[in-house]
> 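Handing you a structure now.
None of the values given here were measured: they were computed from a predicted structure. In what follows, chains carry the letters A, B, and so on, assigned in the order in which the sequence lines appear, proteins first and then strands, with residues in each chain numbered from 1.
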There are 2 protein chains.
Amino acid sequence: MNINKVKNIISESGLKFTHQRMVIYKSIVDAENHPTAEHVFDSIKTQNPSISLGTVYKTLDTFVNAGLIQKFVDNKGVMRFDAILEAHSHIYCRKTNEISDYQNKALELMLKDFFEKHKIEDFEIDEISIVIKGQKVQ
Amino acid sequence: MNINKVKNIISESGLKFTHQRMVIYKSIVDAENHPTAEHVFDSIKTQNPSISLGTVYKTLDTFVNAGLIQKFVDNKGVMRFDAILEAHSHIYCRKTNEISDYQNKALELMLKDFFEKHKIEDFEIDEISIVIKGQKVQ
DNA sequence: GTGCGTGCAAATCGTTTGCAGATAG
DNA sequence: CTATCTGCAAACGATTTGCACGCAC
């Protein structure tokens, strides 16, 4: 993703635009999988040696609160970050420990429909996500 | 749950039966929600002052490996334990931070059916669970 | 100029580890 | 008797915090 676009995204959400925020946001958006704070730090520290891991944590948190990215906790209890705001469902591979997004409109509709018919007593559902565990084959 | 039943469950799974294992297992089975290791420790330490938190962690891990209980990681990255082996889906309340089990045969069948029709490429699914987030009302 | 952002180091929290002594089978 | 289990304390990894300085607006 190019610098101007990133600058717009950050500024428009009411945050000050800084170099650190730029590289951190870019790192998340460009990441293939769901990076941890440490992953982000590693991916940017060569180009930005003075950046601090604490800043990465604080900045990621700021982004989450601003709604720019989302976070979730993986199987091992480590925070993962993701710039795709729509996807909530994940596939965990026991073999490689990879985590991939799973998106399927039909499934979402089916679930929405199911829970409209099967309300949970005294509970208002905000979000439903699916966790698929298994392993890669071949 | 009564002592003899617990003793049988532990012994039959090939583990030595000890007082610590008994109270820890009982604590999980009798727990209403999904206790953390700390919760288990707190719930038993008054009656068993010499028990150690490290032992609680090790014992819970032993039980998980023996298939007696299951564990999962909550929103905050903390391990939770559960003696109900069948239930995999959970309801998280944003307001109270409570975690409840959700079990519904029809939903399970529907999901099983869905993923039989929509195979994930090069991936073998072992387990599907649902995470419902929202809040209690009234 | 002012308030928010950053870097650093220390602190915290949940969890794991290593080891010496205790105990179930 | 012996392998396994327990208790303790120290170590660990991920994350948070406090504070002085720096920089975007």
Side-chain angles (χ1 to χ4, degrees), chain A residues 3-4 6-25 27 34-45 47-66 68-69 71-81 97 99, chain B residues 3-4 6-25 27 34-45 47-66 68-69 71-81 97 99:
Chain A
I3 299 181
N4 276 325
V6 174
K7 180 168 171 148
N8 283 341
I9 291 173
I10 293 175
S11 304
E12 276 164 22
S13 68
L15 300 173
K16 282 188 186 176
F17 177 76
T18 67
H19 179 69
Q20 290 86 335
R21 288 180 174 176
M22 205 262 290
V23 292
I24 292 171
Y25 186 78
S27 166
H34 301 278
T36 64
E38 213 93 27
H39 289 154
V40 171
F41 182 62
D42 287 347
S43 79
I44 63 181
K45 73 166 171 229
Q47 313 292 328
N48 312 267
S50 73
I51 211 160
S52 139
L53 180 57
T55 298
V56 173
Y57 275 102
K58 284 176 189 166
T59 303
L60 289 171
D61 217 53
T62 305
F63 287 165
V64 171
N65 287 127
L68 293 186
I69 62 175
K71 76 171 172 194
F72 64 98
V73 177
D74 73 12
N75 275 338
K76 304 228 165 68
V78 182
M79 295 295 181
R80 300 283 186 155
F81 299 89
N97 286 318
I99 303 166
Chain B
I3 298 181
N4 277 325
V6 175
K7 178 165 173 149
N8 283 343
I9 292 173
I10 293 175
S11 303
E12 275 163 23
S13 68
L15 301 172
K16 283 189 182 175
F17 177 77
T18 67
H19 180 69
Q20 290 86 332
R21 287 180 173 176
M22 203 263 288
V23 291
I24 292 171
Y25 186 78
S27 165
H34 302 277
T36 64
E38 213 94 26
H39 289 154
V40 171
F41 182 62
D42 287 346
S43 81
I44 62 182
K45 75 167 171 229
Q47 314 291 329
N48 312 268
S50 74
I51 211 160
S52 139
L53 180 58
T55 298
V56 173
Y57 274 103
K58 285 177 188 164
T59 303
L60 289 171
D61 216 54
T62 305
F63 287 165
V64 171
N65 288 127
L68 294 185
I69 62 176
K71 77 169 171 197
F72 64 99
V73 177
D74 73 12
N75 274 340
K76 305 229 165 66
V78 180
M79 295 294 181
R80 300 283 185 156
F81 299 88
N97 286 318
I99 304 166

> Between Ile51(A) and Glu38(B), just flag the one whose closest nucleotide in DNA chain C comes earlier from the 5' side.
Ile51(A)
> In whole Å, I'd like the distance from the CD atom of Glu12(B) to the P atom of dG25(C).
13 Å
> Provide, to the nearest angstrom, the distance between the CD atom belonging to Gln20(A) and the P atom belonging to dC8(C).
11 Å
> Using a heavy-atom cut-off of 4.0 Å across all strands, would you classify Thr59(A) as base, sugar-phosphate, or nothing?
sugar-phosphate
> Less than 4.5 Å apart, side chain to side chain, heavy atoms only: is that true for Asn97(B) and Lys76(B)?
yes
> Please report, rounded to the nearest Å, how far the C1' atom of dT6(C) is from the NZ atom of Lys45(A).
18 Å
> Let me know the distance between CD1 of Ile10(B) and P of dT4(D), rounded to the nearest Å.
17 Å
> Grab the two heavy atoms, one from Arg21(B) and one from Phe63(B), that are nearest each other, plus how far apart they are.
O-CZ, 3.6 Å
> Calculate the interatomic distance between Arg80(A) atom CZ and dT15(D) atom C1'; express it in whole Å.
15 Å
> Give the minimum heavy-atom separation between Ala37(B) and Phe81(B), together with the two atoms involved.
N-CE1, 4.1 Å
> Using a cut-off of 4.0 Å on non-hydrogen atoms, how would the nucleic acid contact of Thr36(B) be classed: base, sugar-phosphate, or nothing?
nothing
> For Asn75(A) and dT15(C), give me the distance from atom CG to atom C1', rounded to whole Å.
16 Å
> With rounding to the nearest 0.5 Å, note down the distance linking CD in Glu12(A) to CZ in Phe17(A).
12.5 Å
> Could you please name the option among dT6(D), dT15(D), dG14(C) that lies closest to any side-chain atom of Val78(A)?
dT15(D)
> Polar atom pairs between nucleotides 22-25 of chain D and protein, under 3.5 Å, N or O only, would you list them?
from: dC25(D); atom 1: OP1; to: Phe17(A); atom 2: N; distance (Å): 3.0

> Could you tell me the separation between the CZ atom of Arg21(A) and the P atom of dC4(C), rounded to a whole number of Å?
11 Å
> CG of Leu60(B) versus P of dT16(C): gap in Å, rounded?
10 Å
> To the nearest 0.5 angstrom, please state how far the CG atom of Leu68(B) sits from the CD1 atom of Ile24(B).
12.5 Å
> Hey, could you give me the OG1/CZ distance between Thr36(A) and Arg80(A), rounded to the nearest 0.5 Å?
6.0 Å
> Can you confirm whether Ile44(A) sits close enough to Val56(A) that some side-chain heavy atom of one is under 4.5 Å from a side-chain heavy atom of the other?
yes
> Is there a side-chain contact between Thr55(A) and the phosphate of dG7(C), meaning an N or O under 4.0 Å from OP1 or OP2?
yes
> Got a list of protein N/O to nucleotides 16-18 of chain D N/O distances below 3.5 Å?
from: dG18(D); atom 1: O6; to: Lys58(A); atom 2: NZ; distance (Å): 2.7

> Between Ser27(A) and Val23(A) (side chain of the first, backbone of the second, donor and acceptor by atom type, cut-off under 3.5 Å), is there such a pair?
no
> With a 4.5 Å heavy-atom cut-off, do His39(A) and His34(A) have their side chains touching?
no
> For Ser50(A), answer base if it contacts any base atom (sugar-phosphate contacts may also be present), sugar-phosphate if it contacts only those atoms, and nothing otherwise; contact means non-hydrogen atoms under 4.0 Å.
sugar-phosphate
